[in-house]
Amino acid sequence: MKQAITYELIHECKQTGARRGIIHTPHGDIQTPVFMPVGTQATVKSLSPEELKDVNAQIILANTYHLFLRPGHKLVEKAGGLHKFMNWDRPILTDSGGFQVFSLGQLRKISEEGVEFQSHLDGSKKFLSPEKAIEVENSLGADIIMAFDECCEYPSTYEYTKKSMERTTRWAQRCKKAHKNVENQGLFGIIQGGFYEDLRKKSAEDLIKLDFPGYAIGGISVGEPKEKFLEILDYTTPLMPKNKPRYLMGVGTPDYLIEAVIAGIDMCDCVLPTRVARHGTALTSKGKIVVRNATYEEDFSALDDECDCYACKNYTRAYIHHLIKANEILGIRLLSLHNIKFLTNLMDKVRIEIENDNLGCFKNDFYHKYGYID
RNA sequence: GGGUAGGUGGUCGAGUGGUUAAUGGCACCAGACUGUAAAUCUGGCCGCGAGAGCGUACGAUGGUUCGAAUCCAUCCCUGCCCA
């Protein structure tokens, strides 16, 4: 049977082992490694699809939980699917709601059957199971859909993490069984196991037996220190199949992205660029700047003199500072645009450096300039 | 000129004898943000001090009181009404 999602490995960086590849999807190819902006409610907050294309977004995320609650997956299906509904003709990935099991901690109850949520919108009770999540994801029609998992908080005990991981594996099995649209949508499994090496290993092994077209690492960047993050990344990534896309969920600071790619990751997503944008911060080649702060009041330079985005080509820090202070939407939009472009530009460079077998040197230069102490 | 309501920290505005350096909102100054309950949240916001604390402060001056932003007197200023 034709697979919706396939991965083509083009090159491995001789310096770092990072992978340069292509993910083939029903809505076109994705050059990897790739950064994926998040558009939870079928929109990357404040930006239009045209603008997302301008900042080289190759693929975006949407969320099962949110769209299930509103406007409802049946409505999106009636609209002709997510692509048509939101006017985005490039690939889409839908998260399963597994992250909401974590982020809505106080509003849900987990059982073997699934998760009962108290809707954050109106308090009403909603239920998501592996089968229901897949039903919703099938209706939404994204190219890549994620298995319904539990993202554990940090720290969690070994016992709890083990139980949760094993349940996530059983759920993955149920997801696979429930998935009806295999030719158009690729279902990815999510490796859990928290911060325990043997659990990660077990999770990966069991999920690989289920033969998903791609695999993700979940349950990372939930508040752990960076050393922990690197540790898990380093022992989990090699467990993932080489001939399939490897997705690290929820990672978006420049250093984490680079570390992930070096570890062998192909895809990352994060709300960070758009969220910090709305809060008045720009990511730049010389580190992040809080443009909301008074120091930028009379700074008539661009956000980042190395950036070619619309905001940097046309506006000054002083102007964007003013817009943010004045609560004007344009400030948020310009920063969102810039921050996404900053990360997609970073990944563009990363792909080139992999091809040139030079990612290690690039990392050092980048860190030095950005102000990371490595 | 007569009457009336008022003058509180950057601002609007609570407080009407003590636990009040003085509630709130806004403004301002920072910090956080990683599969989005987030254009959100947290902290600071009279001066000096690391801190304990000290010093100033509720239009002005004087007074009553153990104690006043709060009571009294006079003065200054502002809004509104009448002439």
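Below, read A as the first sequence line, B as the second, and so on, with proteins coming before strands; counting in each chain starts at 1.
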**Message:** For a quick check of understanding: with a heavy-atom distance under 4.0 Å over all strands, which category does A/Cys268 fall into, base, sugar-phosphate or nothing?
**Reply:** nothing
**Request:** Assign A/Gln118 to base, sugar-phosphate, or nothing according to its heavy-atom contacts below 4.0 angstrom with the strands shown.
**Result:** nothing
**Message:** Using the side-chain heavy atoms of A/Met249, tell me which of these nucleotides is nearest: B/G35, B/C29, B/U36.
**Reply:** B/G35
**Request:** Rounded to whole angstrom, note down the P distance from B/A27 over to B/A22.
**Result:** 23 Å
**Prompt:** Does NZ or CZ of A/Lys226 come closer than 6.0 Å to the centre of the six-membered ring of A/Tyr372, within 45° of the ring's axis?
**Reply:** yes
**Prompt:** Within the structure shown, what part of the strands sits under 4.0 Å from A/Ile190 by heavy-atom distance: base, sugar-phosphate, or nothing?
**Reply:** base
**Request:** Can you figure out which of B/C33, B/G35, B/A39 approaches the side chain of A/Ile332 most closely?
**Result:** B/A39
**Message:** Given B/C29, B/G35, B/A37, identify the nucleotide with an atom nearest to the side chain of A/Ser103.
**Reply:** B/A37
With 3.5 Å as the limit, what N/O pairs link the protein to nucleotides 40-43 of chain B?
none

**Message:** Within the 4.0 Å heavy-atom criterion, would you say A/Thr274 contacts the bases, only the backbone, or no part of the nucleic acid?
**Reply:** base
**Request:** Select one nucleotide: of B/U34, B/G35, B/C28, the one nearest the side-chain heavy atoms of A/Tyr256.
**Result:** B/U34
**B/A14 to B/G51 separation - C1' atoms, rounded to the nearest Å** = 32 Å
**Request:** Using a cut-off of strictly less than 4.0 Å between a heavy atom of the residue and any atom of RNA chain B, enumerate the qualifying residues of residues 194-214 of chain A by number.
**Result:** none
**Fill in**
Encoded 5' to 3' (Watson-Crick or G-U under 3.5 Å; [ ] crossing; | other strand), RNA chain B becomes ((((((((.[[[..)..(.....]]].(((((.......))))).(((....)))...[[[[[..)....]]]]]))))))).
**Prompt:** For atom C1', what is the distance between B/U56 and B/C48, given to the nearest Å?
**Reply:** 11 Å
**Prompt:** Looking at the side chain of A/Leu104, which of B/A37, B/A38, B/G35 is the nearest nucleotide?
**Reply:** B/A37
**Request:** Classify the nucleic acid contact of A/Gln100 as base, sugar-phosphate or nothing, counting any heavy atom under 4.0 Å across all strands shown.
**Result:** sugar-phosphate
**Message:** Does A/Ser119 reach a base, just sugar-phosphate, or nothing at all? Heavy atoms under 4.0 Å.
**Reply:** nothing
**Asked** At under 4.0 Å between heavy atoms, what does A/Leu107 touch on the DNA or RNA strands: base, sugar-phosphate, or nothing?
**Response** base
**Request:** Quick one: label A/Asn63 by what it contacts on the DNA or RNA (base, sugar-phosphate, nothing), any heavy atom closer than 4.0 Å.
**Result:** sugar-phosphate
**Item:** Selection from B/C29, B/C33, B/U34 that lies nearest to any side-chain heavy atom of A/Lys325
**Value:** B/C29
**Item:** Closest nucleotide among B/A39, B/G35, B/G31 to the A/Val290 side chain
**Value:** B/G31
**Prompt:** Which nucleotide, B/C29, B/U34, B/A38, lies nearest any side-chain atom of A/His120?
**Reply:** B/A38
**Message:** Work out how far the P atom of B/U8 is from that of B/C71, and round it to whole angstrom.
**Reply:** 15 Å
**Prompt:** Which value, in whole Å, describes the distance between the C1' atoms of nucleotides B/C46 and B/A21?
**Reply:** 8 Å
**Message:** Quick one about A/His73 and A/Asn138 (side-chain donor to acceptor, distance below 3.5 Å, no hydrogens or angles considered), yes or no?
**Reply:** no
**Request:** Quote, to the nearest angstrom, the P distance that separates B/G2 from B/U65.
**Result:** 33 Å
**Message:** If I pick the C1' atom on B/G47 and the same atom on B/C41, what distance separates them, to the nearest angstrom?
**Reply:** 30 Å
**Message:** Check for me whether A/Lys162 meets the cation-pi criterion with A/Tyr158, that is, NZ or CZ under 6.0 Å from the six-membered ring centre and within 45 degrees of the ring axis.
**Reply:** no
**Message:** Using the ring centroid of each side chain, check whether A/Phe68 and A/Tyr65 are separated by less than 6.0 Å.
**Reply:** no
**Message:** Are A/Tyr315 and A/Tyr310 an aromatic pair, judged by ring center distance below 6.0 Å?
**Reply:** yes
**Message:** Need one value for A/Gly219: base, sugar-phosphate or nothing, where a base atom within 4.0 Å counts as base even if backbone is also close, heavy atoms only.
**Reply:** base
**Prompt:** Taking for each residue the nucleotide of RNA chain B with the nearest heavy atom, is it A/Leu121 or A/Val276 whose nucleotide lies nearer the 5' end?
**Reply:** A/Val276
**Message:** Rounding to an integer number of angstrom, what distance separates B/G15 and B/U23 when you compare their C1' atoms?
**Reply:** 8 Å
**Message:** Assess, by modelled atom type and distance only, whether the side chains of A/Gln185 and A/His179 contain a donor and an acceptor separated by less than 3.5 Å.
**Reply:** no
